[in-house]
Amino acid sequence: MTNKVDESRGEGVKTSFSNVSSMNWDFSEDGAFLALCDAFRESGESSPMEFLATGEGAFHFQELTQNAAGEGIDLSDSESMANFQMEVLELMDEINF
């Protein structure tokens with residue numbers, strides 16, 4: 001399965017993730033993503049990737065992936081999940097630094 005990531009970054013910091021079924025979802029506005037970013041800022045951790053490896057980071061990321069599934073995003077294969085995780089990490093890095 002091929003994933004396409006559409007980005008338009010700027011004042012609103014918008015990122016959407018879509019799979020081949022053309023379902024778009026702007027995860028940057030999802031409550032789980034916002035909670036993930038807040039928890040990352042409060043943690044004092046310097047690396048988003050390392051934060052996702054912690055219990056709290058993993059919890060928020062799992063909630064985000066569940067929300068993605070609810071939006072029709074298929075993350076069942078490892079490539080899709082890896083692409084989604086990289087997009088989340090990149091946006092976390094961008095808005096937190």
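Sequential numbering from 1 along the given sequence is applied to the chain's residues.
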| Can Leu36 and Phe27 be said to form a side-chain contact (heavy atoms from CB on, under 4.5 Å), step by step? | CA-CA 11 Å; Leu36 175 65; Phe27 68 84; over 6 Å; no

| task | I would like to know whether Phe61 and Val88 meet side-chain contact (heavy atoms from CB on, under 4.5 Å); could you show each step before the answer? | result | CA-CA 9 Å; Phe61 185 73; Val88 168; 4.1 Å; yes

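Residue Gln85 holds its CD atom at 6.0 Å from CE of Met49, rounded to the nearest 0.5 Å. Note that CD of Glu87 and OG of Ser28 are 10.0 Å apart. Values are rounded to the nearest 0.5 Å. Rounding to the nearest 0.5 Å gives a distance of 14.0 Å between CE of Met86 and CE of Met81. Separating the CG atom in Leu89 from the CD atom in Glu94 is a distance of 13.0 Å, to the nearest 0.5 Å. The CG atom of Leu52 sits 8.5 Å away from the OG atom of Ser47 when rounded to the nearest 0.5 Å.
Residue pairs satisfying the salt bridge (Lys or Arg N to Asp or Glu O under 4.0 Å) criterion with at least one member in residues 34-43, sequence neighbours excluded, are listed as follows: Asp38-Arg41. The side-chain hydrogen bond (donor to acceptor under 3.5 Å, both in side chains) analysis of residues 58-70, with sequence neighbours excluded, yields the pairs Asp30-Asn67. Residue pairs meeting the side-chain hydrogen bond (donor to acceptor under 3.5 Å, both in side chains) criterion with at least one partner in residues 48-58, sequence neighbours excluded, do not occur; the list is empty.
Of all heavy-atom pairs between Ala68 and Leu75, the closest is CB-CD1, 3.9 Å. Of all non-hydrogen atoms in Cys37 and Ile95, the two that sit nearest each other are SG-CD1, 3.4 Å.
When hydrophobic clusters are built by joining Ile, Leu, Val, Met, Phe, Trp and Tyr residues whose side-chain heavy atoms come closer than 4.5 Å, directly or via intermediates, Phe59 is not grouped with Phe51. Leu91 and Trp25 fall within a single hydrophobic cluster, where Ile, Leu, Val, Met, Phe, Trp and Tyr side chains are chained together by heavy-atom contacts under 4.5 Å.
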